[in-house]
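This report concerns only the one structure given below.
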Amino acid sequence: MVAEMLGGGRMWSSSQASTRGVIEVGRVEAGPSHFPKRPAPRNSSRVNLSRTYAIKSCSVSSRTGLCLGQCYHKKSSACKCKLGWSSQPLSSLRHHLRVHSSASEAVLTSQSDFTKLLVGNEKIGVLLLNLGGPETLDDVQPFLFNLFADPDIIRLPRLFRFLQKPLAQFISVVRAPKSKEGYASIGGGSPLRQITDAQAEALRKALCDKDIPAKVYVGMRYWHPFTEEAIEQIKRDGITKLVVLPLYPQFSISTSGSSLRLLEGIFREDEYLVNMQHTVIPSWYQREGYIKAMATLIEKELRTFSEPQKVMIFFSAHGVPLAYVEEAGDPYKAEMEECVDLIMEELEKRGITNSCTLAYQSRVGPVEWLRPYTDETIIELGQKGVKSLLAPLVPLGSVEELLAAYDSKRDELPPPVTVWEWGWTKSAETWNGRAAMLAVLALLVLEVTTGEGFLHQWGILPLFH
Ligand SMILES: C=CC1=C(C)c2cc3[nH]c(cc4nc(cc5[nH]c(cc1n2)c(C)c5CCC(=O)O)C(CCC(=O)O)=C4C)c(C)c3C=C
Ligand SMILES: [Fe+2]
């Protein structure tokens with residue numbers, strides 16, 4: 001599908017138009033992660049976290065050319081709105097995005113414009129995207145089928161795509177017993193729906209408190225409520241402006257990318273949606289609210305150790321297969337590393353200078369995943385004499401896995417380490433969710449108070465100062 005991205009685009013009426021002139025319909029807001037990477041000395045002042053960057057990546061005019069995800073600009077002036085990430089490196093995106101710092105730019109909308117806009121029949125929606133999870137043990141195999149049938153999860157060469165569903169059926173049946181064991185150990189189902197619904201409700205309330213009567217929807221990729229169901233509700237509610245917000249702080253082909261690709265397909269086919277204004281936030285790990293929330297959680301947890309300064313902060317993130325990063329250009333690893341850097345810098349500002357490690361967990365299948373692996377790293381740390389560990393980035397639902405890895409390695413650790421202090425509790429499972437929520441709220445609050453960000457670009461939030 002070729003999208004007309006340059007020049008076209010539904011424009012706002014003049015009272016709505018952003019004076020920045022860079023964010024229009026379908027524009028993607030993104031942060032410093034989308035700059036070409038540069039070495040980041042720990043002590044340099046790297047990023048102004050409160051700054052917002054607007055990226056001219058995706059304003060599309062034709063009915064068939066609506067673009068929800070990140071877009072590729074070819075070397076020629078023509079632009080392709082790719083349906084998937086498998087055939088073209090995502091890293092090429094960075095070279096073609098026009099990045100604007102909005103820090104010094106003008107105020108967008110007056111208070112009266114704001115009131116007019118809200119009263120003027122605009123219906124704002126926020127669509128939170130997440131993975132979804134089986135609610136009962138009987139849901140596990142069909143959930144796994146949906147997951148493995150996704151070409152962004154099992155990436156087959158185009159020629160072999162016809163095998164996707166049979167393969168998904170096979171893998172889901174084989175994997176189901178192991179998965180069921182995991183879900184049985186956390187109460188017989190995934191907590192993700194409850195957590196995401198709670199996030200949606202908290203966000204709705206926070207927006208409502210700010211006089212933004214937005215409806216917040218949850219769209220899951222592999223289980224109920226499916227993204228398609230959320231979209232149907234959005235249409236029934238007559239939403240006219242939609243903010244699409246994946247609940248993954250860092251972008252990966254396999255998570256936000258997959259959900260955005262699905263949405264892109266739905267939008268392309270639907271006249272109502274094609275005409276609805278929308279904006280997408282592909283990743284937000286670099287937002288001040290998120291970084292500060294994570295730093296605060298770590299700071300608080302460190303205090304529970306007997307010798308806090310000796311604790312190794314062990315970021316155990318969800319992994320992805322190595323080929324995603326090396327062959328398909330998934331920015332996930334770079335974004336994860338930058339996220340860890342930003343959290344550590346924030347901690348340094350607070351006088352916390354503990355050492356840290358980043359490792360990846362949750363591998364599935366026989367292929368190589370991002371290294372270092374969490375289970376192996378735990379042993380190495382033990383052998384190096386690290387006695388206290390705090391793990392802040394553990395993915396939702398995976399704390400058991402990490403603890404099991406730790407426990408199974410306990411015997412392999414040298415004697416002084418067998419009394420390892422472990423700075424994590426079961427409640428950590430929801431930390432990512434809570435931090436994500438905080439981040440989203442902080443993002444909105446930040447944008448209300450500073451005049452930066454997508455809501456201002458749209459002219460739906462006024463400046464307070
Ligand atoms: C090739 C397979 C997988 C990739 C790639 C992958 C990436 C990925 N996943 C998350 C977050 C979560 N995944 C969860 C469950 C889960 N993921 C896979 C496979 C891949 N994930 C499977 C098979 C499962 C089911 C459980 C299992 O059998 O191990 C969950 C938990 C959802 C829940 O039920 O609550 C999360 C969260 C990220 C962030 C990511 C890439 C960055
Ligand atoms: Fe996963």
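Numbers for residues simply follow the sequence, beginning at 1. Counting convention: from 1, in listed order, for ligands and their atoms alike. Only heavy atoms go into these numbers, but all of them, side chains included; no hydrogens, no water, no symmetry mates.
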Side chain, backbone, both or neither: which applies to [X] and ligand 1 if a contact is any heavy-atom pair less than 4.0 Å apart?
X    : result
W369 : side chain
R175 : side chain
S362 : neither
I154 : neither

Do K235 and E232 meet the salt-bridge criterion of a basic N to acidic O distance under 4.0 Å?
-> yes

Does W223 have a non-hydrogen atom less than 4.0 Å from ligand 1?
-> no

May I ask whether G365 has any heavy atom positioned less than 4.0 angstrom from an atom of ligand 1?
-> no

Can E229 and H224 be counted as having a side-chain donor-acceptor contact under 3.5 angstrom?
-> yes

By number and element, which atoms of ligand 1 are closer than 4.0 Å to a non-hydrogen atom of [X]?
X    : result
F148 : 23 (C)
G133 : 34 (O)
S190 : 33 (C), 34 (O), 35 (O)
P134 : 34 (O)
L144 : 23 (C), 25 (C)
Y332 : 42 (C)
P321 : 5 (C)
V320 : 41 (C), 42 (C)

Would you tell me which option among I195, D139, L131 has the nearest heavy-atom contact to atom 30 (C) of ligand 1?
-> L131

Check whether any side-chain N or O of [X] sits under 3.5 Å from a backbone N or O of [Y] as a donor-acceptor pair, and report yes or no.
X    : Y    : answer
S258 : S254 : no
Y324 : D152 : yes
N146 : R221 : no

N or O contact, [X] vs ligand 1, cut-off under 3.5 Å:
X    : value
T255 : no
S179 : yes
Y324 : no

Hey, could you give me the CD/SG distance between Q286 and C339, rounded to the nearest 0.5 Å?
-> 8.5 Å

List in chain and number order the residues that pass salt bridge (charged side-chain N to carboxylate O under 4.0 Å, His left out) with K310, two or more places apart in sequence or in another chain; answer none if no residue qualifies.
-> E307

side-chain hydrogen bond (donor to acceptor under 3.5 Å, both in side chains) with E201: which residues, sequence neighbours excluded?
-> R204

Verify the neighbour count for atom CZ of F160: are there more than 12 heavy atoms of other residues, nucleotides or ligands below 6.0 Å?
-> no

Does any non-hydrogen side-chain atom of Y222 lie less than 4.5 Å from one of L131?
-> yes

Could R363 and Y373 be counted as a cation-pi pair, given that NZ or CZ must be under 6.0 Å from the ring centre and within 45° of the axis?
-> yes

